Amino acid sequence: MQTQHPDVDETDPHALTDPDSLVESWQISLRAAKKSPATIKTYRKNIGLYLAWCRQGGIAPGLGHTMVTEYLAELCDEHAGATARTHLVAIRSFAKWAAKERETGPYDLAGIERPQIDEQVVEPFTANELALILKACQGRRLMDLRDAAIVHILLDCGGRAKEIVGMQREHVRVAEGLALVHGKGGKERFIPLGPSTCEALDRYLRARRRHPLADSPQLWLGQRDNTFGYNALWKSLKVRARTAGVANVHPHRFRHTFADRWLDKGGSEGGLMRVAGWSDPSMVQRYSKARAARRALDEARRLNVGEL
């Protein structure tokens, strides 16, 4: 029995129309609620950074659970957990106001846990988990071929979710094993496509030609007359994860897995930075914490310093 796949990108009930204008109205509400000028200034700054993150990734700004979660995940990787906490407080305040004013759908952020202040180690997927996820993508439907290609690309380059979703058909060079993506700050870079990824992409592209939106510039398409966006990527991965029986599957964990596998295979830190789209060398350490912790444990077992 095949798992039902919520493949379509329905209208996002948490999308923001004219977000800048809404921020102004929200600030009026904060002043009426006697919030201090310092609090209002901090809230506005943090919301501005969140909206800029959305726009830089080509994502329509919204206050939905998956989008805010991905944003916080990136913040936790690049800054202290306390920074992500202050951003979540501001976003929650804005989201509650927008829902109350019926500018968006019902408040959707209650289930997001506050980021830990201590830095957390994100465990990469094991080889067996990756095999199970890819097996869960097997099939000849367009959605199966698409999801298999996406998982392969995530493993090949560890791209950010918004980079993967924003891929354009004309920028994919299967024969050359390359694709162009738009990264943070509007920076473009080429990502590698290995032989298995190219094979998976070729299968998807051949099936894509029969889609009603085959002429769309967007690489990824939905099953019916729908495009495949940010929320659909999360939903698709969750469905594959349930089928595979693998927990905690989300785009950002693939990014950690990519970094771990790159270094484990002897890849250089400079090469990793280039492919992943990082300009700060400290990001290599942030994304390889799990590997460093594992190597330290292996070293401790080898040294066996407690043996007299």
Side-chain angles (χ1 to χ4, degrees), residues 57-58 124-127 129-211 213-221 227-228 230 233 236-237 240 249 251-279 283-284 287-288 291:
F125 292 112
T126 65
E129 287 174 330
L130 292 174
L132 289 172
I133 293 170
L134 283 170
K135 184 178 180 181
C137 297
Q138 287 182 350
R140 301 305 301 179
R141 299 173 301 173
L142 179 74
M143 66 180 72
D144 301 322
L145 301 174
R146 180 202 61 216
D147 291 355
I150 288 175
V151 171
H152 274 291
I153 288 176
L154 287 169
L155 290 176
D156 257 347
C157 73
R160 301 175 179 93
K162 57 182 178 293
E163 294 173 346
I164 302 303
V165 168
M167 292 179 70
Q168 301 291 294
R169 178 169 50 100
E170 66 174 334
H171 294 155
V172 176
R173 307 176 185 175
V174 177
E176 298 177 49
L178 291 172
L180 185 70
V181 296
H182 296 272
K184 295 180 68 173
K187 297 178 181 178
E188 295 182 339
R189 73 180 187 280
F190 282 101
I191 59 172
L193 305 175
S196 296
T197 300
C198 289
E199 183 179 39
L201 256 176
D202 180 68
R203 288 195 184 110
Y204 166 67
L205 289 171
R206 281 186 278 124
R208 186 186 182 283
R209 295 171 191 154
R210 299 187 291 272
H211 193 283
L213 298 178
D215 292 333
S216 169
Q218 185 175 351
L219 176 61
W220 311 115
L221 300 177
T227 55
F228 183 79
Y230 193 86
L233 172 62
S236 294
L237 289 177
R240 303 301 178 182
V249 176
H252 215 68
R253 192 176 174 195
F254 280 97
R255 193 159 165 81
H256 283 269
T257 302
F258 161 74
D260 181 83
R261 289 168 63 86
W262 178 285
L263 295 172
D264 202 46
K265 290 176 177 290
S268 69
E269 292 188 358
L272 174 58
M273 287 178 59
R274 180 69 178 176
V275 173
W278 295 322
S279 57
M283 294 303 297
V284 175
Y287 273 80
S288 59
R291 179 175 178 271

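Quantities reported herein were computed from a predicted structural model and do not represent experimental measurements. In this chain, residues are counted from 1 in sequence order.
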Query raised in the report: Is it true that Arg261 and Asp264 have a side-chain N and a carboxylate O under 4.0 angstrom from each other?
Result: no
Query raised in the report: Hey, what do you get for NE2 (His182) to CZ (Arg189), rounding to the nearest 0.5 Å?
Result: 11.0 Å
Query raised in the report: Roughly how far, to the nearest 0.5 Å, is OG of Ser279 from NZ of Lys187?
Result: 4.5 Å
**Report entry** Nearest heavy-atom neighbours spanning Arg255 and Ala276
**Finding:** NH2-O, 2.9 Å
Query raised in the report: Under 3.5 Å, is there a donor-acceptor pair between the side chain of Arg240 and the main chain of Ile133?
Result: no
Query raised in the report: How long is the span from the CG atom in Leu134 to the CD atom in Glu129, to the nearest 0.5 Å?
Result: 12.0 Å
Report task. Any chance you could lay out the side-chain contact (heavy atoms from CB on, under 4.5 Å) test for Asp260 and Phe125, step after step, and finish with the verdict? Result -> CA-CA 9 Å; Asp260 181 83; Phe125 292 112; over 6 Å; no
Quick one: side chains of residues 198-206, donor-acceptor pairs under 3.5 Å with protein atoms, not counting sequence neighbours, listed by atom name and distance.
unit_1 : atom_1 : unit_2 : atom_2 : d
Glu199 : OE2    : Arg203 : NH2    : 3.3
Asp202 : OD2    : Arg206 : NE     : 3.0
Asp202 : OD2    : Arg206 : NH2    : 3.2
Tyr204 : OH     : Leu219 : O      : 2.7
Tyr204 : OH     : Leu221 : N      : 3.0

Query - Taking every non-hydrogen atom, the tightest pair across Val275 and Ile191 - result: O-CG2, 4.2 Å
Query raised in the report: Less than 4.5 Å apart, any side-chain heavy atom of Ile150 and any of Phe228?
Result: yes
Query - Side-chain (Arg169) to main-chain (Asp215) donor-acceptor, under 3.5 angstrom - result: yes
Query raised in the report: Within the distance-only criterion (no hydrogens, no angle test), does the side chain of Gln218 pair as donor or acceptor with the backbone N or O of Met167 below 3.5 angstrom?
Result: no
Query - Rounded distance (nearest 0.5 Å) linking atom CG of Leu233 with atom CH2 of Trp220 - result: 9.5 Å
Query raised in the report: Is it true that Arg274 and Glu269 have a side-chain N and a carboxylate O under 4.0 angstrom from each other?
Result: no
Query raised in the report: Is there a donor-acceptor pair closer than 3.5 Å between any side-chain N or O of Gln168 and the backbone N or O of Gly166?
Result: yes
Requested in this report: Examine distances only and state if a side-chain atom of Glu163 and a backbone atom of Arg160 form a donor-acceptor pair shorter than 3.5 Å.
Outcome: yes
Result block: side-chain N/O donor-acceptor pairs under 3.5 angstrom for residues 151-159, not counting sequence neighbours:
unit_1 : atom_1 : unit_2 : atom_2 : d
Asp156 : OD2    : Gly194 : N      : 2.6
Asp156 : OD2    : Thr197 : OG1    : 2.5

**Report entry** Heavy-atom side-chain contact between Ser216 and Arg208 under 4.5 Å
**Finding:** yes
Query raised in the report: What is the distance from atom CZ of Arg173 to atom CZ of Phe190, rounded to the nearest 0.5 Å?
Result: 4.0 Å
Query raised in the report: Which heavy atom of Ala207 sits nearest a heavy atom of Leu145, and at what distance?
Result: CB-CD1, 3.6 Å
Report task. Report the distance from atom CD of Gln138 to atom CG of Asp147, rounding to the nearest 0.5 Å. Result -> 13.0 Å
Report task. Return yes if some donor-acceptor pair links the side-chain N/O of Trp262 with the main-chain N/O of Ser268 below 3.5 Å, else return no. Result -> yes
Report task. Please test Arg146 against Ser236 for side-chain contact (heavy atoms from CB on, under 4.5 Å), starting from the C-alpha separation and ending with a verdict. Result -> CA-CA 10 Å; Arg146 180 202 61 216; Ser236 294; 3.5 Å; yes
